[in-house]
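In what follows, a single structure is set out as structure tokens and then discussed.
Since we're looking at a predicted model, the values are computed, not measured.
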Amino acid sequence: MITRAGWGLAAFSVLVYAVGAPFGYAQAAVLAVAGLAAVGAGALWTLMGASLEVRREVTPVKVTRGEPAIAVLHVRNAGRWRRSGLVARDTCRDTTVTVEVPALAGNTARTVSYRLPTRRRGETPVGPLLLDRGDPFGLARRSVAYGRADLLLVRPRTVPLPPLRAGRQRHLDGLASRSAPAGTSSFNGLREYVIGDDLRHVHWRSTARTGILMVKELTDVNLPATVTVLDTRTSSYEGDDEFELAVDVAASAACAVTRDRFPVRVFTGAGELVHVRGGAGEDEEVLDRLALVELSDAAEPPARALRQAGAGGALVLVSGTYAALAGAAAVRRRFDQVVFVRVGAASPGGVPQAAGVTVIEVGDLGELAALWPR
């Protein structure tokens, strides 16, 4: 397409001819023709096929909100002629990222990288990538799409927290789940033998196949699960920033449990979001699910999730309003420990109290670790 400079030159050329032609100035016609010819040549330059090979990759494909995600752009000029004036435009949600590609001689390649915005949590489409190719004088430009859109998953932020009391007993030599009674244990996977493991748990078939002594890892199926309930009603928050903080708090509470190898259930206003038994890598699933949670006018109040959660273990309820505190207080006898976290600006009336419930008020994620019960 013709750029603003191209249209300006064309208009100027027409104006010169219109003013000079009635007076018989031949120079006016020459200048007008030259200007229009330059614009036409620029348009033809961009329409000519360019032997460009373009590839873009996003790394990493999963990132914590606010942390850097990088797009790496590889451009190769497979033709014989020098190519300049290349500008890449990538779209990430509602943001357009523009980066200039250095001039490419024939049969040469360049790699450029640029940062993608990760302020908003969720599944973020990146692209499609547009490569703008202009003529040497900037009179015309052509945009060509390359490849397809990639997906970048922006997860909630977390801070390390100690797990809550949930009726769990611990031993000096490890977790209680590894020495669970035979009648309450369930197979949870295989791992390499370490000194001190019970030889009765050796998995001989895997040992023979791999040549490495492997043992069965058992999980106590009767371990009480920690329940995390996230209020997703639009009316419970002042804005998106408050809700993002609430998701970060819920993710921190849930991951504190899974990283300690114990079960956790996460509920939202749409019902149960995820239920993991606890173990290596299962915090990844929790983060992936929470990355997609959104506010909804039709979300159910937390009381409905509390009715589905059963009893036992610990309960964490996260909301942007103290109106949800009554629900946590009503079920406090069903859990070993109940924590209510209200996110947002400090309440003018102070932090309310509820018997049997630890009430926390946080304005940013950094405050959570300092106020978290131990």
Side-chain angles (χ1 to χ4, degrees), residues 156 158-169 223-233 235-238 242-258 260 262-275 278 286 290 293 299-374:
T158 61
V159 291
L161 299 175
L164 298 173
R165 298 189 304 273
R168 301 190 289 261
Q169 292 185 350
L223 286 174
T226 295
V227 175
T228 301
V229 179
L230 173 64
D231 188 353
T232 56
R233 296 173 297 173
S235 59
S236 297
Y237 301 92
E238 293 294 332
E242 277 195 6
F243 180 63
E244 290 303 316
L245 177 56
V247 178
D248 293 345
V249 170
S252 299
C255 289
V257 179
T258 58
D260 207 35
F262 284 96
V264 66
R265 301 175 69 187
V266 180
F267 290 84
T268 68
E272 187 171 37
L273 180 69
V274 61
H275 182 186
V286 172
L290 283 172
V293 171
E300 296 287 343
R304 183 174 181 271
L306 294 175
R307 289 195 296 269
Q308 299 176 346
L315 168 67
V316 180
L317 175 55
V318 185
S319 178
T321 173
Y322 279 120
L325 177 57
V331 298
R332 67 186 187 278
R333 297 185 183 278
R334 288 165 35 193
F335 296 91
D336 299 324
Q337 188 173 13
V338 177
V339 177
F340 178 86
V341 184
R342 185 257 178 184
V343 300
S347 175
V351 178
Q353 301 298 316
V357 180
T358 301
V359 182
I360 299 174
E361 185 177 80
V362 295
D364 62 71
L365 192 61
E367 298 177 359
L368 183 64
L371 298 175
W372 194 253
R374 286 169 170 76

| request: Considering non-hydrogen atoms only, spot the tightest contact between Val293 and Phe243 and give its length. | output: CG1-CZ, 3.8 Å
| field | Shortest non-hydrogen contact between Gly356 and Val338, atoms and distance | value | O-CB, 4.0 Å
| query | Of all residues at least two apart in sequence or in a different chain, which pass the side-chain contact (heavy atoms from CB on, under 4.5 Å) check with Ala254? | reply | Thr228, Val264, Val266, Val286
| If you look only at pairs with a residue in residues 310-334, which of them pass as a salt bridge (charged side-chain N to carboxylate O under 4.0 Å, His left out), with sequence neighbours excluded? | none
| task | Using the test side chain to side chain donor-acceptor pair (under 3.5 Å), find all partners of Glu300 that sit at least two apart in sequence or belong to another chain. | result | none
| request: Can you measure from CG (Leu368) to OG1 (Thr158) and round to the nearest 0.5 angstrom? | output: 10.5 Å
| Which pair of heavy atoms, one from Ala328 and one from Leu306, lies closest together, and at what distance? | N-CD1, 4.1 Å
| query | For Glu238, does the CD atom have more than 12 heavy-atom neighbours from other residues, nucleotides or ligands under 6.0 Å away? | reply | no
| request: Check side chain to side chain donor-acceptor pair (under 3.5 Å) between Thr268 and all other residues, then give those that pass, not counting sequence neighbours. | output: none
| said: Looking at every non-hydrogen atom in both residues, tell me the closest pair between Ala299 and Thr232 and how far apart they are. | reply: CB-OG1, 3.4 Å
| request: Keeping to residues at least two apart or across chains, list the side-chain hydrogen bond (donor to acceptor under 3.5 Å, both in side chains) pairs with something in residues 242-255. | output: Arg65-Asp248, Arg121-Glu244, Arg157-Asp248
| Of all residues at least two apart in sequence or in a different chain, which pass the side-chain contact (heavy atoms from CB on, under 4.5 Å) check with Ala354? | Leu325, Ala329, Val357
| field | Any pair counted as side-chain hydrogen bond (donor to acceptor under 3.5 Å, both in side chains), so long as it reaches residues 360-374, sequence neighbours left out | value | Tyr322-Glu361, Arg342-Glu361
| message | My understanding is that only residues two or more places apart in sequence, or in another chain, count here; which of them pass side chain to side chain donor-acceptor pair (under 3.5 Å) with Tyr237? | response | none
| said: The criterion is side-chain contact (heavy atoms from CB on, under 4.5 Å); which residues satisfy it with Arg307, sequence neighbours excluded? | reply: Ala303, Arg304
| said: Once side chain to side chain donor-acceptor pair (under 3.5 Å) is applied, do any residues pair with Glu272, and if so which ones, sequence neighbours excluded? | reply: Arg265
| said: Listing request: all salt bridge (charged side-chain N to carboxylate O under 4.0 Å, His left out) pairs with a residue in residues 309-318, at least two apart in sequence or in separate chains. | reply: none
| note | Correct closest heavy-atom pair for Pro373 and Leu164 would be CG-CD2, 3.7 Å
| request: Would you name the heavy atoms of Pro263 and Val257 that are closest together and state the gap between them? | output: O-CG1, 3.2 Å
| message | Do Ser319 and Phe340 make a side-chain contact, defined as non-hydrogen atoms from C-beta onward lying under 4.5 Å apart? | response | yes
| task | For side chain to side chain contact (heavy atoms under 4.5 Å, CB included), just list the numbers for Thr226 and Phe262, CA-CA rounded to whole Å, side-chain angles, deciding distance to a tenth of an Å, and then say yes or no. | result | CA-CA 8 Å; Thr226 295; Phe262 284 96; over 6 Å; no
